[in-house]
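Note that the coordinates shown come from a computational prediction; the quantities given were computed from them, not determined experimentally. Numbering of ligands and ligand atoms starts at 1, following listing order.
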Amino acid sequence: MTKRILILAGDGIGPEVMAETRRVIAWFAKNRGFDVTLEDDLVGGASLAAFGVPITDAAMARAHAADAVLFGAVGGPQWDANPFDKKPERGLLRLRKEMQLFANLRPAICFPALVGASSLKPEIVSGLDIMIVRELTGGVYFGEPRGIEKLADGSRKAVDTQLYTTEEVRRIARVAFDLAARRKGIVHSAEKSNVMHTGVLWREEVTHIHKSEYPGATLHHILADNCAMQLLRNPKQFDVIVTDNLFGDILSDEAAMLTGSLGMLPSASLGARDPKTGRVPALYEPIHGSAPDIAGKGLANPVAAILSFAMCLRYSFGRGADADLLERAVADVLDQGYRTADIIEAGRTRSSTSQMGTAILEALSRAA
Ligand code: NAD
């Protein structure tokens, strides 16, 4: 059956990295029988410029109807002073909220050729392959009450509420155990059950799901502060880390930097399976932003966007062998010495965005 992908390229380097991703999608359509139709729409500043909103209802409807959304990046200095509801990022937040994308998957993989780009010693990061599963729609970023209040004495009080329910914890735990089953089978669940009630609930519910549904997996509970420390001390002890929205925000950025560059890292955000259609709402995006400092110069690294498509092949379309092929092609190109500006080393020639894309297509054709 023909699959539908909606491309929301966005702003800055978004359209540049998505152009290379499009060439990769076309390669899979031509050479691997990947039956797909691509649609395009606007998001972020591009949508604000055309329609006055960061994403239109029509684009939202297309996102809901698509089998997967590929997102580039949004934002830029020209919109920094906009009121909150007219900020480009609101387009992405609306997509996450209305598609109910509660599970954010961020792999942190260290490619052998880039071991030197990490701030940690090569022996600590070489062969690193971690999957961080962050709860994305609950917790302290959304809990009520929240706000800033003026007090009688003229000072102010600010409140955020950390809130999790049984079902919110159980569904993200299932995502983590399902992923672990395809990997080394080890889940670390990170919380602060020593000082937070939500941490106690989190620990108990993850334990319940482990015992009742995934007894074959190995579960370790770890305090989030210790997890942050262990990621630097001995990151290779981890396979899958599952954690809440706030800790996940911080731990996934920390893990990302173990691998060297923002331009290399993909992500997936998944929702709950529709019991009628079997479809899982899904949005794939590089973790980097719109990089206005390098936009339009051919300097952007397209690998994060291309690896996001590899995740799309694996998680939305069940094409694990194709995803492996694409990931191996990226590793091959790095081994050959191709480097965009963000990962350049002394003595190497710098590749442009499109030269990197072309090298990946050539590596795919060699490997297929
Ligand atoms: P950024 O990720 O855009 O850039 C940070 C630095 O990394 C810059 O020096 C940039 O040149 C470099 N960089 C990023 N991606 C790269 C790539 N693929 N290849 C080579 N170099 C790359 O973060 P920022 O500068 O803090 O934010 C710029 C804009 O992007 C802001 O408007 C911000 O709000 C927005 N933003 C959007 C998203 C998103 O769309 N998901 C995420 C983060 C930031």
J.: Can you tell me if Asn104 and Glu135 form a side-chain donor-acceptor pair at under 3.5 Å?
T.: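 No, no side-chain donor-acceptor pair sits under 3.5 Å.
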J.: Where is the tightest heavy-atom contact between Leu258 and Ser118, given as atom of each residue plus distance?
T.: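 So the minimum-distance heavy-atom pair works out to O-OG, 2.7 Å.
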J.: Atom CZ of residue position Arg366 - does it have more than 12 heavy atoms of other residues, nucleotides or ligands inside 6.0 Å?
T.: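 Yes, CZ of Arg366 has more than 12 neighbouring heavy atoms, counting only those of other groups under 6.0 Å.
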J.: Side chains of Thr349 and Tyr338: donor-acceptor distance under 3.5 Å anywhere?
T.: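 Thr349 vs Tyr338: no donor-acceptor pair found between side chains.
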J.: Can you tell me if NE2 on His197 sees more than 12 non-hydrogen neighbours from other groups inside 6.0 Å?
T.: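 12 or below, so no.
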J.: Pairwise, report which nitrogen or oxygen atoms of ligand 1 are under 3.5 angstrom from protein nitrogen or oxygen atoms, and how far apart they are.
T.:
residue, atom, partner, partner atom, Å
ligand 1, 2 (O), Gly289, N, 2.7
ligand 1, 3 (O), Gly289, N, 3.4
ligand 1, 3 (O), Ser290, N, 3.3
ligand 1, 3 (O), Ala291, N, 2.8
ligand 1, 9 (O), Asp293, OD2, 2.8
ligand 1, 11 (O), Asp293, OD1, 2.9
ligand 1, 11 (O), Asp293, OD2, 3.0
ligand 1, 18 (N), His288, NE2, 3.3
ligand 1, 18 (N), Asn301, O, 3.0
ligand 1, 19 (N), Asn301, N, 2.8
ligand 1, 30 (O), Ser290, N, 3.1
ligand 1, 30 (O), Ser290, OG, 3.2
ligand 1, 32 (O), Gly76, N, 3.1
ligand 1, 34 (O), Glu89, OE2, 2.5
ligand 1, 40 (O), Val74, N, 2.9
ligand 1, 41 (N), Glu285, OE1, 3.4

J.: Out of Phe317, Trp27, Phe28, which residue meets the ring pair (Phe, Tyr, Trp, His ring centres under 6.0 Å) rule with Phe34?
T.: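 Going through the options one by one, the only one that passes is Phe317.
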